[in-house]
Amino acid sequence: QVQLQESGPGLVKPSGTLSLTCAVSGGSISSNNWWSWVRQPPGKGLEWIGEMYHSGSTNYNPSLNSRVTISLDKSKNQFSLKLTSVTAADTAVYYCGRKSWSGGYYDYWGQGTLVTVSS
Amino acid sequence: DIQMTQSPSSLSASVGDRVTITCRASQSISRSLNWYQQRPGKAPNLLVYAASSLQSGVPSRFSGSGSGTDFTLTISSLQPEDFATYYCQQSYSTPTFGQGTKLEIK
(Lines give C-alpha, C1' and ligand atoms only; values in the text may rest on other atoms or scores of the structure.)
Protein backbone atom coordinates (compact mmCIF):
# COMPACT_ATOMS: atom_id res chain seq x y z
CA GLN A 1 0.00 0.00 0.00
CA VAL A 2 1.47 3.31 -1.08
CA GLN A 3 1.59 5.98 1.61
CA LEU A 4 2.54 9.63 1.38
CA GLN A 5 3.47 11.86 4.32
CA GLU A 6 4.02 15.62 4.17
CA SER A 7 6.39 17.41 6.53
CA GLY A 8 7.63 20.94 6.98
CA PRO A 9 7.10 24.17 8.93
CA GLY A 10 3.53 25.09 9.76
CA LEU A 11 4.28 28.81 9.89
CA VAL A 12 6.11 30.90 7.30
CA LYS A 13 6.71 34.64 7.37
CA PRO A 14 5.45 36.86 4.55
CA SER A 15 7.97 37.20 1.70
CA GLY A 16 9.64 34.01 2.92
CA THR A 17 9.90 30.59 1.29
CA LEU A 18 7.53 27.72 1.98
CA SER A 19 9.33 24.36 1.92
CA LEU A 20 7.59 21.00 2.24
CA THR A 21 8.69 17.41 1.74
CA CYS A 22 6.59 14.36 0.90
CA ALA A 23 7.98 10.98 1.91
CA VAL A 24 6.74 8.05 -0.18
CA SER A 25 6.54 4.53 1.23
CA GLY A 26 5.19 1.30 -0.20
CA GLY A 27 6.21 2.25 -3.72
CA SER A 28 9.04 3.75 -5.73
CA ILE A 29 9.23 7.37 -6.73
CA SER A 30 10.79 6.10 -9.97
CA SER A 31 7.54 4.38 -10.95
CA ASN A 32 5.35 5.59 -13.85
CA ASN A 33 3.52 8.29 -11.94
CA TRP A 34 3.57 12.04 -11.55
CA TRP A 35 4.37 13.32 -8.06
CA SER A 36 2.19 16.30 -7.32
CA TRP A 37 1.30 19.08 -4.94
CA VAL A 38 -2.25 20.37 -4.47
CA ARG A 39 -3.37 22.99 -1.97
CA GLN A 40 -6.64 24.01 -0.36
CA PRO A 41 -7.10 27.42 1.31
CA PRO A 42 -9.28 27.24 4.44
CA GLY A 43 -12.91 26.70 3.48
CA LYS A 44 -12.14 26.72 -0.25
CA GLY A 45 -11.57 24.29 -3.11
CA LEU A 46 -8.58 22.41 -4.45
CA GLU A 47 -5.84 24.11 -6.45
CA TRP A 48 -3.22 22.19 -8.40
CA ILE A 49 0.29 23.54 -7.79
CA GLY A 50 2.49 21.35 -9.94
CA GLU A 51 4.02 17.95 -10.57
CA MET A 52 7.21 16.14 -11.42
CA TYR A 53 8.01 12.88 -13.19
CA HIS A 54 11.02 10.78 -12.24
CA SER A 55 12.69 11.68 -15.55
CA GLY A 56 12.87 15.28 -14.37
CA SER A 57 9.94 16.66 -16.35
CA THR A 58 7.88 19.24 -14.49
CA ASN A 59 4.59 21.04 -14.97
CA TYR A 60 3.52 24.01 -12.88
CA ASN A 61 0.32 26.01 -12.44
CA PRO A 62 0.82 29.11 -14.61
CA SER A 63 -0.53 31.32 -11.82
CA LEU A 64 2.31 30.15 -9.54
CA ASN A 65 4.94 29.23 -12.12
CA SER A 66 7.54 31.86 -11.30
CA ARG A 67 7.46 31.01 -7.58
CA VAL A 68 7.29 27.21 -7.57
CA THR A 69 9.94 24.52 -7.71
CA ILE A 70 9.30 20.80 -7.29
CA SER A 71 12.19 18.39 -6.96
CA LEU A 72 12.68 14.64 -6.41
CA ASP A 73 15.20 12.84 -4.21
CA LYS A 74 15.33 9.28 -5.49
CA SER A 75 17.82 8.21 -2.83
CA LYS A 76 15.31 9.11 -0.09
CA ASN A 77 12.19 8.23 -2.11
CA GLN A 78 10.71 11.65 -1.50
CA PHE A 79 9.84 14.85 -3.32
CA SER A 80 9.72 18.47 -2.27
CA LEU A 81 7.95 21.76 -2.87
CA LYS A 82 9.41 25.24 -2.62
CA LEU A 83 7.19 28.30 -2.97
CA THR A 84 8.93 31.66 -2.77
CA SER A 85 7.73 35.17 -1.91
CA VAL A 86 4.72 33.89 0.03
CA THR A 87 1.82 36.06 1.16
CA ALA A 88 -1.25 35.42 3.30
CA ALA A 89 -2.98 34.16 0.13
CA ASP A 90 -0.67 31.14 0.23
CA THR A 91 -2.10 30.01 3.57
CA ALA A 92 -3.59 26.59 2.89
CA VAL A 93 -3.55 22.90 3.58
CA TYR A 94 -0.90 21.47 1.26
CA TYR A 95 -1.37 17.92 -0.02
CA CYS A 96 1.11 15.76 -1.84
CA GLY A 97 -0.31 13.18 -4.18
CA ARG A 98 0.47 10.52 -6.74
CA LYS A 99 -1.05 11.09 -10.16
CA SER A 100 -1.41 8.14 -12.48
CA TRP A 101 0.77 8.63 -15.57
CA SER A 102 -1.78 6.98 -17.83
CA GLY A 103 -5.05 8.10 -16.28
CA GLY A 104 -4.23 11.48 -14.80
CA TYR A 105 -6.14 10.78 -11.61
CA TYR A 106 -4.85 11.10 -8.05
CA ASP A 107 -5.02 7.67 -6.45
CA TYR A 108 -2.92 8.32 -3.35
CA TRP A 109 -2.76 11.42 -1.18
CA GLY A 110 -0.92 12.52 1.93
CA GLN A 111 -3.00 13.56 4.92
CA GLY A 112 -2.24 17.22 4.27
CA THR A 113 -0.37 19.83 6.28
CA LEU A 114 -1.58 23.32 7.15
CA VAL A 115 0.85 26.09 6.33
CA THR A 116 0.03 29.54 7.66
CA VAL A 117 1.73 32.65 6.30
CA SER A 118 1.90 35.22 9.05
CA SER A 119 4.39 37.44 10.81
CA ASP B 1 -6.64 26.43 -18.70
CA ILE B 2 -9.73 24.27 -18.88
CA GLN B 3 -12.34 25.56 -16.44
CA MET B 4 -14.52 23.08 -14.57
CA THR B 5 -17.92 24.16 -13.24
CA GLN B 6 -19.90 22.04 -10.82
CA SER B 7 -23.56 22.33 -9.99
CA PRO B 8 -25.08 22.68 -7.58
CA SER B 9 -22.55 24.23 -5.17
CA SER B 10 -24.48 22.74 -2.28
CA LEU B 11 -27.21 20.18 -1.95
CA SER B 12 -29.43 18.99 0.91
CA ALA B 13 -30.67 15.42 0.80
CA SER B 14 -31.83 12.58 3.02
CA VAL B 15 -30.50 9.11 3.65
CA GLY B 16 -31.78 6.85 0.90
CA ASP B 17 -32.15 9.62 -1.69
CA ARG B 18 -30.74 9.43 -5.20
CA VAL B 19 -28.45 12.36 -5.86
CA THR B 20 -26.80 13.67 -9.03
CA ILE B 21 -23.95 16.18 -9.24
CA THR B 22 -22.99 17.77 -12.54
CA CYS B 23 -19.60 18.91 -13.83
CA ARG B 24 -19.16 20.91 -17.03
CA ALA B 25 -15.85 21.56 -18.80
CA SER B 26 -15.10 24.76 -20.71
CA GLN B 27 -14.00 22.67 -23.71
CA SER B 28 -14.23 19.03 -24.72
CA ILE B 29 -12.15 16.73 -22.51
CA SER B 30 -13.27 13.43 -24.00
CA ARG B 31 -13.69 11.14 -20.98
CA SER B 32 -10.76 12.55 -18.97
CA LEU B 33 -12.81 13.31 -15.88
CA ASN B 34 -12.33 12.10 -12.32
CA TRP B 35 -14.45 12.43 -9.17
CA TYR B 36 -13.31 12.71 -5.55
CA GLN B 37 -15.01 12.72 -2.16
CA GLN B 38 -13.57 14.85 0.63
CA ARG B 39 -14.69 14.58 4.22
CA PRO B 40 -13.90 17.42 6.65
CA GLY B 41 -10.26 17.48 7.70
CA LYS B 42 -9.33 14.66 5.32
CA ALA B 43 -7.60 14.36 1.97
CA PRO B 44 -9.70 13.83 -1.15
CA ASN B 45 -10.50 10.22 -2.02
CA LEU B 46 -10.77 8.99 -5.61
CA LEU B 47 -14.23 7.62 -6.44
CA VAL B 48 -14.45 7.49 -10.25
CA TYR B 49 -11.84 7.88 -12.98
CA ALA B 50 -12.10 8.14 -16.74
CA ALA B 51 -15.66 9.41 -16.36
CA SER B 52 -17.24 6.08 -15.42
CA SER B 53 -14.70 3.63 -13.99
CA LEU B 54 -15.21 2.92 -10.31
CA GLN B 55 -12.04 2.97 -8.21
CA SER B 56 -11.32 -0.25 -6.37
CA GLY B 57 -13.04 -0.39 -2.99
CA VAL B 58 -15.63 2.30 -3.79
CA PRO B 59 -19.25 1.21 -3.16
CA SER B 60 -21.32 0.43 -6.23
CA ARG B 61 -23.93 3.06 -5.28
CA PHE B 62 -21.51 5.58 -6.82
CA SER B 63 -21.49 5.89 -10.60
CA GLY B 64 -20.20 8.34 -13.17
CA SER B 65 -21.20 9.13 -16.72
CA GLY B 66 -20.62 11.62 -19.50
CA SER B 67 -18.17 12.61 -22.19
CA GLY B 68 -17.10 15.73 -24.01
CA THR B 69 -18.06 18.65 -21.77
CA ASP B 70 -20.85 17.30 -19.54
CA PHE B 71 -20.44 14.77 -16.75
CA THR B 72 -22.43 13.49 -13.79
CA LEU B 73 -21.76 11.70 -10.55
CA THR B 74 -24.73 9.80 -9.15
CA ILE B 75 -25.17 8.29 -5.72
CA SER B 76 -28.04 5.84 -5.99
CA SER B 77 -29.03 5.62 -2.33
CA LEU B 78 -27.36 8.05 0.08
CA GLN B 79 -25.72 6.62 3.17
CA PRO B 80 -24.78 8.65 6.26
CA GLU B 81 -21.07 8.46 5.38
CA ASP B 82 -21.72 10.03 1.94
CA PHE B 83 -22.36 13.49 3.34
CA ALA B 84 -19.19 15.25 2.23
CA THR B 85 -17.87 17.56 -0.47
CA TYR B 86 -17.39 16.23 -3.99
CA TYR B 87 -14.94 17.52 -6.60
CA CYS B 88 -14.48 16.81 -10.27
CA GLN B 89 -11.04 17.06 -11.89
CA GLN B 90 -10.13 17.05 -15.56
CA SER B 91 -7.05 15.14 -16.66
CA TYR B 92 -7.17 16.12 -20.34
CA SER B 93 -4.51 18.79 -19.84
CA THR B 94 -2.81 20.35 -16.82
CA PRO B 95 -5.13 19.44 -13.96
CA THR B 96 -7.98 21.64 -12.84
CA PHE B 97 -10.70 20.98 -10.28
CA GLY B 98 -14.29 22.02 -10.02
CA GLN B 99 -15.22 24.33 -7.15
CA GLY B 100 -16.87 21.52 -5.20
CA THR B 101 -20.38 20.41 -4.26
CA LYS B 102 -21.17 20.18 -0.57
CA LEU B 103 -23.69 17.45 0.17
CA GLU B 104 -25.52 18.08 3.44
CA ILE B 105 -28.10 16.20 5.44
CA LYS B 106 -31.65 17.52 5.05
Side-chain angles (χ1 to χ4, degrees), chain A residues 1-7 10 20 22-24 32-53 57-65 68 70 81 92-115, chain B residues 1-10 21 23 25 29-58 62 64 66-67 71 73 84-104:
Chain A
Q1 177 77 349
V2 175
Q3 293 186 319
L4 289 78
Q5 176 74 53
E6 305 92 347
S7 62
L20 296 174
C22 181
V24 179
N32 282 339
N33 296 286
W34 289 88
W35 302 97
S36 308
W37 290 95
V38 174
R39 70 181 182 179
Q40 185 170 38
K44 296 189 178 180
L46 301 165
E47 179 183 30
W48 174 72
I49 298 171
E51 61 193 11
M52 189 169 193
Y53 194 67
S57 295
T58 55
N59 295 304
Y60 297 132
N61 187 322
S63 69
L64 302 170
N65 191 30
V68 175
I70 295 174
L81 168 71
V93 174
Y94 285 76
Y95 295 100
C96 59
R98 188 183 87 166
K99 193 184 86 168
S100 164
W101 177 81
S102 58
Y105 49 82
Y106 296 90
D107 52 0
Y108 291 99
W109 299 74
Q111 85 282 1
T113 187
L114 174 63
V115 179
Chain B
D1 281 9
I2 298 175
Q3 306 302 315
M4 307 302 295
T5 304
Q6 289 182 233
S7 61
S9 295
S10 64
I21 299 169
C23 182
I29 58 170
S30 186
R31 293 177 59 80
S32 301
L33 192 283
N34 313 302
W35 290 98
Y36 302 86
Q37 176 193 68
Q38 186 180 35
R39 297 192 176 107
K42 299 295 187 182
N45 181 51
L46 178 66
L47 298 175
V48 172
Y49 63 93
S52 62
S53 295
L54 201 64
Q55 173 70 343
S56 176
V58 174
F62 291 92
S67 66
F71 301 86
L73 174 71
T85 300
Y86 293 84
Y87 292 93
C88 62
Q89 173 241 331
Q90 63 82 14
S91 48
Y92 187 81
S93 64
T94 53
T96 48
F97 293 88
Q99 82 279 16
T101 295
K102 187 173 184 179
L103 180 53
E104 299 174 304

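Lettering of chains follows the sequences in order, A, B, ..., and the numbering in each one begins at 1. Excluded from the calculations below are hydrogen atoms, water molecules and symmetry mates; all remaining heavy atoms, backbone and side chain alike, are included. What you are looking at is a predicted structure, and each value in this text was computed from that prediction instead of being measured.
Ranked by heavy-atom pairs under 4.5 Å with chain B, the list A:Gln40, A:Lys99, A:Lys44 is led by A:Gln40. The greatest number of non-hydrogen atom pairs below 4.5 Å with chain A, out of B:Ser56, B:Pro40, B:Pro44, B:Ser32, is found for B:Pro44. When the candidates B:Gln99, B:Gln55, B:Gln38 are compared by the number of heavy-atom contacts under 4.5 Å with chain A, B:Gln38 comes out ahead.
Between B:Tyr87 and A:Gly45, the closest heavy-atom pair is OH-CA, 3.6 Å. Taking all atoms of both residues into account, the shortest heavy-atom contact from A:Gly103 to B:Ser91 is O-OG, 3.3 Å.
Contact of the B:Pro95 side chain with the A:Tyr106 side chain is registered, since non-hydrogen atoms from C-beta on lie closer than 4.5 Å.
Judged by distance alone, with hydrogens and angles left aside, the side-chain atoms of B:Gln89 form a donor-acceptor pair with the main-chain N or O of A:Gly104 at under 3.5 Å.
Qualifying salt bridge (Lys or Arg N to Asp or Glu O under 4.0 Å) partners for A:Arg98, counting only residues two or more places apart in sequence or in other chains: A:Asp107.
Checking each of B:Leu47, B:Leu46, B:Val48 against A:Tyr105 for a side chain to side chain contact (heavy atoms under 4.5 Å, CB included) leaves exactly one that passes, namely B:Leu46.
Contacts between B:Gln90 and chain A at a heavy-atom distance below 4.5 Å are absent for every atom of the residue. For B:Tyr36, the part lying under 4.5 angstrom from a heavy atom of chain A is the side chain only. Contacts of A:Val38 with chain B are made by side-chain atoms alone, with heavy-atom separations under 4.5 Å and no backbone atom involved.
With a 6.0 Å radius and a threshold of 12 heavy atoms from other residues, nucleotides or ligands, A:Tyr53 has its OH atom above the threshold.
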